[in-house]
**Student:** 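Here you go, one structure.
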Amino acid sequence: MSDNAIDVDSGTVYLVGSGPGDPDLLTVKAMRLLEAADVVLHDKLPGPEIIDMLPEDRREDVGKRAGGERTPQSEINERLVELAREGNAVVRLKGGDSFVFGRGGEEAEYLAAHDVPFEVVPAVTSAIAAPAVAGIPVTHRDHASSVSFVTGHEDPTKEESAVDWDALAATGGTIVVLMGVGRLPDYTDALLEAGMAPETPVALVERGTWPGQQVATGTLETIVDARDEAGISPPAITVIGDVAGTRESIVDFLRNDYGTAEDEA
């Protein structure tokens, strides 16, 4: 235990965001809780370096299982309650911020419904951090005064979709899509059909702040080909809007430790 150890309460669940994946970007409180917790429930999104910091006897992987199956959210909820009632200090570790498409809100509601005390520990969301380390601001006084965050898990062609791509195309701001690599053709087509200009800049940032971070850029019309040429795969962030085009003017001077590979289109 470090000299900066934090006191934890037995029977409490800590909903902790790990940030975008670089251990140096963990908050001080998140690091202290990871050191002090009796057990940490995590999936793969915190990134390999952060997960490898956790002792094997104090961590449980509740992400993908063998054969590609995932641990159902209902099982994770039940496990959190079970561990807390056994008197453990439990960290539920999520990638990015647990309240930004991280199901932290669902877990908080379940814990409260089962009389389990919990604490929320915010983090830097990957939706902002991944573009930033690639040289892309999600807002810019000259290009975008608003930003919308949406999930790419939904199919924009289905009638019951909660994502209004027509409205997003009309906002004139930045659109940041999380978990949307596989459905990139669907929502780029939806935005084009909604009237967004084909030459609108788009960037994909794969594994932002992880070793082997990769970036692909193009336009609304060319980004699918750029994705395929670069071999971009999840987890990745999609940035749509004029801000994605500002990267070109600064990338030669941008420095980080993430081994960025470029693939421009």
Side-chain angles (χ1 to χ4, degrees), residues 20-21 45 95-96 100-102 125-140 142-210 212-251 254 260-265:
L45 290 178
V100 181
F101 297 125
T125 173
S126 303
I128 295 173
V133 298
I136 301 168
V138 296
T139 62
H140 190 297
D142 296 333
H143 301 287
S145 297
S146 65
V147 56
S148 301
F149 300 104
V150 299
T151 175
H153 273 330
E154 283 201 336
D155 183 353
T157 64
K158 67 181 183 181
E159 292 183 359
E160 66 272 19
S161 174
V163 179
D164 188 339
W165 296 98
D166 287 354
L168 289 170
T171 62
T174 304
I175 303 171
V176 178
V177 185
L178 288 81
M179 305 168 289
V181 176
R183 288 182 170 154
L184 182 65
D186 295 328
Y187 58 82
T188 53
D189 284 349
L191 291 169
L192 287 167
E193 291 173 7
M196 185 172 280
E199 63 272 18
T200 301
V202 182
L204 296 169
V205 185
E206 176 188 341
R207 302 177 189 274
T209 81
W210 294 24
Q213 169 185 298
Q214 185 171 216
V215 180
T217 61
T219 67
L220 204 58
E221 198 168 43
T222 67
I223 193 62
V224 174
D225 289 338
R227 176 201 66 180
D228 296 343
E229 184 178 348
I232 299 292
S233 59
I237 303 289
T238 308
V239 184
I240 302 168
D242 289 345
V243 292
T246 67
R247 180 175 184 274
E248 184 178 350
S249 65
I250 67 170
V251 68
L254 180 64
T260 301
E262 313 302 342
D263 219 316
E264 309 293 340

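We count residues from 1, following the sequence as given.
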**Student:** What are the two closest heavy atoms between V181 and A236, and how far apart are they?
**Tutor:**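 So the minimum-distance heavy-atom pair works out to CG2-CB, 3.3 Å.
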**Student:** Is the backbone N or O of T222 less than 3.5 Å from a side-chain atom of R227, with the two atoms forming a donor-acceptor pair by type?
**Tutor:**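 Pair absent, no side-chain N/O of R227 close to backbone of T222.
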**Student:** Over all heavy atoms of both residues, which pair between A144 and V243 is shortest? Give the atoms and the distance, please.
**Tutor:** CB-CG1, 3.9 Å
**Student:** Provide the closest heavy-atom pair for A203 versus I136 in the form atom of the first, atom of the second, distance.
**Tutor:**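 Residues A203 and I136, closest heavy atoms: CB-CD1, 3.4 Å.
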**Student:** How far does CD1 of I237 sit from CD of E206, to the nearest 0.5 angstrom?
**Tutor:** 11.5 Å
**Student:** Name all residues meeting the side chain to side chain donor-acceptor pair (under 3.5 Å) criterion together with T171; count only those two or more places apart in sequence or in a different chain, and write none if there are none.
**Tutor:**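 For T171, no residue satisfies side chain to side chain donor-acceptor pair (under 3.5 Å) once neighbours in sequence are set aside.
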**Student:** Please lay out, stage by stage, how R247 and V215 fare under the test side chain to side chain contact (heavy atoms under 4.5 Å, CB included).
**Tutor:** CA-CA 11 Å; R247 180 175 184 274; V215 180; 3.6 Å; yes
**Student:** How long is the straight-line distance from CE of M196 back to CG of D189, given to the nearest 0.5 Å?
**Tutor:**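 The distance works out to 13.0 Å.
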**Student:** Where do A194 and A169 come nearest, in terms of heavy atoms and distance?
**Tutor:** CB-CB, 3.7 Å
**Student:** Using only atom types and a distance under 3.5 Å, with no angle test, would you say the side chain of T200 pairs donor to acceptor with the backbone of L220?
**Tutor:**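 Checking the backbone N and O of L220 against the side chain of T200, no donor-acceptor pair under 3.5 Å is found.
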**Student:** May I have the step-by-step check of side chain to side chain contact (heavy atoms under 4.5 Å, CB included) for L178 and T151, ending in yes or no?
**Tutor:** CA-CA 5 Å; L178 288 81; T151 175; 5.8 Å; no
**Student:** Please round to the nearest 0.5 Å and tell me the distance separating atom OG1 of T238 and atom OH of Y187.
**Tutor:** 3.0 Å
**Student:** Between R207 and Q213, what is the shortest heavy-atom contact and its length?
**Tutor:** O-CB, 3.5 Å
**Student:** Is there a donor-acceptor pair closer than 3.5 Å between any side-chain N or O of W210 and the backbone N or O of P20?
**Tutor:**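 It does hold such a pair.
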**Student:** Tell me every residue that passes side chain to side chain donor-acceptor pair (under 3.5 Å) with T209, counting only those two or more places apart in sequence or in another chain.
**Tutor:** none
**Student:** Minimum heavy-atom separation for P131 to S126, with atom names?
**Tutor:** CD-O, 3.5 Å
**Student:** Atom CG of D242 and atom CG of D142: how far apart are they, to the nearest 0.5 Å?
**Tutor:**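 Nearest 0.5 Å value for the CG-CG distance: 10.5 Å.
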**Student:** One pair to check against side chain to side chain contact (heavy atoms under 4.5 Å, CB included): T139 and T174. What are the steps and the verdict?
**Tutor:** CA-CA 7 Å; T139 62; T174 304; 5.6 Å; no
**Student:** When you look at L184 and L204, which way does the side chain to side chain contact (heavy atoms under 4.5 Å, CB included) test go after all the steps?
**Tutor:** CA-CA 10 Å; L184 182 65; L204 296 169; 4.0 Å; yes
**Student:** Out of curiosity, L192 CG to W165 CH2, how far, rounded to the nearest 0.5 Å?
**Tutor:**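 With rounding to 0.5 Å, CG (L192) is 12.0 Å from CH2 (W165).
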